[in-house]
Each structure stands twice: as structure tokens, then as C-alpha cells.
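Here the structure is laid out as C-alpha cells; the discussion comes afterwards.
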Number of protein chains: 2
Amino acid sequence: MKYIEKLRNSGLRPTKQRLKICEVLFDTKKTFHFTINDLSKKIKNKMNTKVSLATIYNTINAFEKKGYLKQIPINSNQTYFDTNVTDHHHFYDLKDEKLIDLENTDVGPINIKKKINGKKIKSVEVLVKLEG
Amino acid sequence: MKYIEKLRNSGLRPTKQRLKICEVLFDTKKTFHFTINDLSKKIKNKMNTKVSLATIYNTINAFEKKGYLKQIPINSNQTYFDTNVTDHHHFYDLKDEKLIDLENTDVGPINIKKKINGKKIKSVEVLVKLEG
DNA sequence: TCCTAGTTTATAATGGTTCTAAATAGGTGT
DNA sequence: ACACCTATTTAGAACCATTATAAACTAGGA
């Protein structure tokens with residue numbers, strides 16, 4: 001199983017459930033955005049497996065902490081995650097409530113001039129809201 | 001009362017409660033960030049008035065829709081609002097869970113090259129996460 | 001195989017936000 | 001000033017995403 005090492009390396013035991021989650025998240029050519037609810041449905045439909053919500057939350061939170069997933073900063077009732085963990089930005093279509101990736105080449109370099117004493121920049125994320 | 005016109009212009013009746021909320025939000029030299037909970041406490045303590053949570057939510061949501069307030073896109077259990085409705089960006093201090101304004105001069109111009117058919121850019125917001 | 005700590009699960013609890021329905025207040029026409 | 005209609009306020013219930021709980025189960029080493 002190709003994800004066992006990945007899980008072990010980040011201190012997670014490779015359980016059946018976590019391997020299923022890995023398949024859904026990482027066995028795709030394209031990266032994608034999802035909510036916990038999306039993911040739960042996908043596991044049920046595509047994998048014909050039932051994994052409890054609690055396990056999905058635990059695992060996704062662990063992955064996020066380890067850097068295997070990114071949270072997308074957006075005000076919504078649900079939390080959005082991204083399997084694309086490289087530096088990139090997003091459009092948010094307000095009408096359709098849909099997220100669209102902005103490739104790095106779609107956004108010019110962002111120059112943060114202000115510094116805060118003793119703090120390091122961890123990430124710079126741009127959210128472009130679309131209307132109409 | 002200096003806020004009556006402001007409220008009327010945006011289709012809101014100037015009630016006692018809304019005027020209190022306006023005072024707390026807009027009677028300051030500096031703009032600030034807040035959560036609904038923050039605001040509720042401030043009204044209770046500074047104004048010696050009790051306004052129900054439902055009213056605060058209704059009013060803040062109306063103000064946000066009218067453009068008197070901005071939501072700050074950030075993944076948190078609570079929604080953050082900003083009384084500074086000019087275009088500007090934010091630091092988010094992950095350790096202290098604190099928001100810090102970035103003046104417009106603190107961030108170089110942001111060039112969004114990608115276009116989506118039939119959609120207009122409503123806002124461009126940058127969130128810089130700080131660690132350490 | 002046994003043991004122990006980590007994991008999964010159903011379910012309950014939590015907490016921010018929205019809904020509801022009754023009481024109240026604003027504002028227009030008389 | 002009054003009456004009337006509608007918007008607003010309010011306490012409390014409802015909602016719903018997320019987290020906590022505790023019992024059953026499992027991975028993996030001895």
C-alpha cells in the first residue's frame with residue numbers, strides 16, 4: 001500500500017479507514033477542494049465504505065496539522081480543505097458558492113513590506129471574491 | 001443623532017438598539033476587528049445597555065450586506081468583522097489568534113491575471129499567517 | 001497468542017448562528 | 001394625538017458543523 005509510509009512518517013497508524021481516506025484524497029490526477037461532508041459522501045459512494053464522521057474529522061485534522069492538506073480561509077458555515085498544498089490562491093464565486101484555483105502564474109508576486117517583531121510569515125493567501 | 005441618516009439611507013429603521021450598535025462600531029477614531037461576542041460584551045459594558053444577540057446578528061448582517069462592515073475571511077469558529085471597509089489586508093497571528101491590519105502601503109499591488117467569463121472581481125483579500 | 005496503546009464508532013455535548021412567535025415600537029395617514 | 005400596520009426586538013428553541021466521550025475493536029510488538 002503506497003500510503004502506509006506517508007502515514008507512518010507523520011505518526012499516524014495506517015488503518016483501513018485512513019487508507020481509504022488517502023485513496024479518495026490523493027489517488028487523483030487533479031487536486032480538489034472539499035468539505036468534510038463532501039468527503040464523507042465520496043467515501044460512501046466511490047469506495048462503498050462507511051467511515052464514521054468522527055474518524056474523518058480526526059484524520060483530516062491530523063493531515064492538516066501535518067501539512068498534507070490545507071484549509072482555505074473563507075467565511076462559510078463549513079470548513080473548506082484543499083488537497084493542493086502548494087502555494088496558490090483562490091477565486092470564490094459568491095453566487096454559486098464555488099471555489100476556483102488560481103495558478104501561481106495567475107497572480108503577480110505579492111510583496112509584504114510590514115514586519116512583526118519575532119514573527120515569521122507562514123503563508124500568504126489571496127481570496128478573490130467574484131460577483132455577477 | 002448622527003447615524004439616523006446613515007441607517008435610513010440603507011433601508012434600516014433607526015431604532016434605539018441600532019443607534020447603540022452604531023455608537024460602539026463607528027464612534028471611534030480607530031477602526032477595529034470584532035466578533036459578535038466581542039460586540040455584545042462591549043455594548044453591555046461600555047454602553048450599559050443590553051441588546052439581544054438576535055438583534056445584534058440581524059443588524060450586523062444588514063450592515064455587512066450594505067457595506068458598512070466587512071467580514072474577514074479566516075477559518076475560525078467565530079466570524080470576524082472589520083469596521084475598516086476600505087481595501088486592506090490582514091496578518092493573522094496563529095499563536096495569539098489575533099488579527100492585525102496591513103495598511104495598503106504595506107502590500108504591493110496585486111495583479112490578478114485570470115478572468116472568469118461573466119464574473120466581476122468584487123474584492124481581493126490577502127491573509128498573511130504568522131507563526132513563531 | 002497476549003497485551004497495551006492507538007483507533008473507530010455511535011452518540012452526546014458544545015457552541016456559534018439562525019429561526020420563531022409573541023410583544024413592542026416606529027412612522028404614516030387621519 | 002390617535003389608530004393602524006409593519007418592522008423590529010426579544011427570549012428561547014432549533015439548527016448544524018464540529019468536538020468530546022467512552023466502550024468496543026485493532027495494530028503491532030513481545
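Every chain is numbered from 1 and lettered A, B, ... according to where its sequence line falls, protein lines coming before strand lines. Computed over heavy atoms, backbone and side chain alike; hydrogens, waters and symmetry mates excluded. Just so you know, these numbers come straight off a predicted model, no measurement behind them.
Nucleic acid contact class of B:T15 (heavy atoms, under 4.0 Å, all strands): sugar-phosphate only. As judged by a 4.0 angstrom heavy-atom cut-off over every strand, A:T35 is placed among residues making no nucleic acid contact. Looking at heavy-atom distances under 4.0 Å, B:N75 makes no contact with the nucleic acid at all.
Of the listed nucleotides (C:dT9, C:dG16, C:dG27), C:dT9 has the atom at the smallest distance from the side chain of A:N58. Of the candidate nucleotides C:dC19, D:dT9, C:dT7, D:dT9 has the atom nearest to the side chain of B:Q17. The side chain of B:R13 approaches D:dT6 more closely than any other nucleotide in the set D:dT18, D:dT6, D:dT9. Among the nucleotides D:dA17, D:dG28, D:dT8, the one closest to the side chain of A:Y57 is D:dA17. Listed nucleotides: D:dA17, C:dT9, D:dT9. Nearest to the side chain of A:V51: C:dT9.
A cation-pi arrangement is found for A:K6 relative to A:F26, the charged atom lying closer than 6.0 Å to the ring centre and inside a 45° cone about the ring normal. Judged by the 6.0 Å and 45° rule, B:K42 forms a cation-pi pair with B:F32.
Under 4.0 Å is where a charged nitrogen must lie from a carboxylate oxygen, and between A:K2 and A:D27 at least one such pair does.
Between A:T79 and D:dA17 there is no side-chain N or O to OP1 or OP2 distance below 4.0 Å.
Here C:dG6 presents its P atom at 19 Å from NZ of A:K16, a figure rounded to the nearest Å. Atom P of nucleotide D:dT8 and atom CG of B:N61 are separated by 14 Å, given to the nearest angstrom. Between B:N77 atom CG and D:dA17 atom P the separation is 15 Å, expressed in whole Å. Counting to the nearest Å, the C1' atom of C:dG26 and the CG atom of B:L7 are 13 Å from each other. Atoms NZ (B:K50) and C1' (D:dT10) sit 8 Å apart, rounded to a whole Å. Taking atom CD1 on B:I56 and atom C1' on C:dC19, their separation rounds to 17 Å, with Å as the unit. A straight line from CD1 of B:I60 to P of D:dT8 spans 15 Å, rounded to a whole angstrom. The distance from atom CG of A:L12 to atom P of C:dG6 is 12 Å, rounded to the nearest whole Å.
Across every non-hydrogen atom of A:P73 and A:E125, the tightest pair is CD-OE2, 3.3 Å.
With B:H88 as reference, B:D82 is the one residue of B:T31, B:D82, B:N104 to meet the side-chain hydrogen bond (donor to acceptor under 3.5 Å, both in side chains) rule.
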